[in-house]
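Read the structure below first, then the notes.
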Amino acid sequence: MTHVDFIERQDELIAGISAEIDHHTVVGIREEIDRRMFYRRPRRLTLDLGSVGFMDSSGIALIIGRCEVARSMGATVRLVGLSAQLSKLIRLSGVERIDNLTVAPCER
Amino acid sequence: MKRIINEMKLRLRAIGENEAVARACISAFIAELDPTVEELCDLRCAISEAVTNSIVHGYKGYSQNIPTFIYISARIYDNREVTVEIADTGCGIEDIDRARTPSFTTGDPGQRCGMGFLVMESFTDSMSVKSKLGRGTTVLLRKNLKPYAEEKTCHKG
């Protein structure tokens, strides 16, 4: 079962996640993104969370981990499509302080 | 004196699939209170963390051949208070204060980031943890839903 749709644009890899992100589902999502990251080696990874119906702190672990993978290839990470609820979780986690991560303002 | 108006008890196998099941059951259970989107999301998130903790930490290293269970017991009171107790009979927590420290985790850092208790605490009105080494852990979450609001004039998706 695929949870991630990819769009490739020049140096950017956009990963649109459409799943509930919890500890159980995060493994598959992480593997799909990493596989494509190592294959494409983009300059920027954009995680589009616009179709994420639910996310708990496992999603935060996913974001932190992808920032590390991106850093290992000199890339940055951008989060887009945040709902009010996701923004709240993101703020609570403090991931905005990660230096190669930018968080687009809440859109919905 | 507050009165219980509804109760639910669930016994779920401690497997990852049931993280989503536990969330869905709680959503259905409190639907009659017509919670706001935020209240519902908060509670779903807090419960997901508690159930995940039981699976990942409580039953860490337990044999897959012998089923382990998570016991969820939820109540609705007539003052719109919701309580959810999530219990396991796993290994227990040696040092609860340490476990509650953000970014402390005994799990796989790729899947967990040590925020579980912080989320539970932040997204509910109160959280308490009882644990006995070798006996298990019980988390009690309490959330007071806002009074039935006068119709909101501005509804943002």
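Computed from a predicted structure; not experimentally measured. A note on names: the letters A, B, ... follow the listed sequences, proteins ahead of strands, and every chain is numbered from 1. Values below: all heavy atoms of this structure, side chains included; hydrogens, waters and symmetry mates excluded.
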Nearest 0.5 angstrom please: A:S57 OG to B:F123 CZ, how far? 9.5 Å
Quick check on the hydrophobic clustering: are A:L45 and A:V69 connected, directly or via other members, by side-chain heavy-atom contacts under 4.5 Å? yes
Under 6.0 Å from the CD atom of B:E17, do we count more than 12 heavy atoms belonging to anything else shown? yes
To the nearest 0.5 angstrom, please state how far the CD atom of B:E49 sits from the NE2 atom of A:H23. 11.0 Å
Are A:L49 and A:I14 connected into the same hydrophobic cluster when the rule is that any two of I, L, V, M, F, W, Y join if their side-chain heavy atoms are below 4.5 Å apart? no
Does atom CD of B:E94 have more than 12 heavy-atom neighbours from other groups under 6.0 Å away? no
Please name all residues satisfying ring pair (Phe, Tyr, Trp, His ring centres under 6.0 Å) with A:F38, sequence neighbours left out, ordered by chain then number. none
Connected via hydrophobic side-chain network under 4.5 Å: B:L140 and B:L145: no
When rounded to the nearest 0.5 angstrom, what is the spacing between CD in A:Q85 and SG in B:C45? 7.0 Å
hydrophobic_cluster_shared for B:V84 and B:F69, side chain cutoff 4.5 Å: no
Can you say whether B:D42 sits under 4.5 Å from chain A via the side chain, the backbone, both, or neither, judging by heavy atoms? both
Looking only at A:M55, A:E20, A:E68, most heavy-atom pairs under 4.5 Å shared with chain B are made by A:E20
Proximal to chain B - members of residues 91-99 of chain A, heavy-atom separation under 4.5 Å: A:L92, A:S93
On a heavy-atom basis, the closest approach of B:E19 and A:H24 is OE1-N, 3.1 Å
Quick one: do B:S48 and A:F54 satisfy side chain to side chain contact (heavy atoms under 4.5 Å, CB included)? Show the steps, please. CA-CA 10 Å; B:S48 195; A:F54 172 84; 3.5 Å; yes
Give a yes or no on whether B:K2 atom NZ has more than 12 heavy-atom contacts from other residues, nucleotides or ligands under 6.0 Å away. yes
Below 4.0 angstrom, N of the basic side chain to O of the carboxylate: do B:R44 and A:D56 qualify? no
Quick check: is A:I7 connected to A:L47 through a chain of hydrophobic side chains (ILVMFWY, heavy atoms under 4.5 Å apart)? no
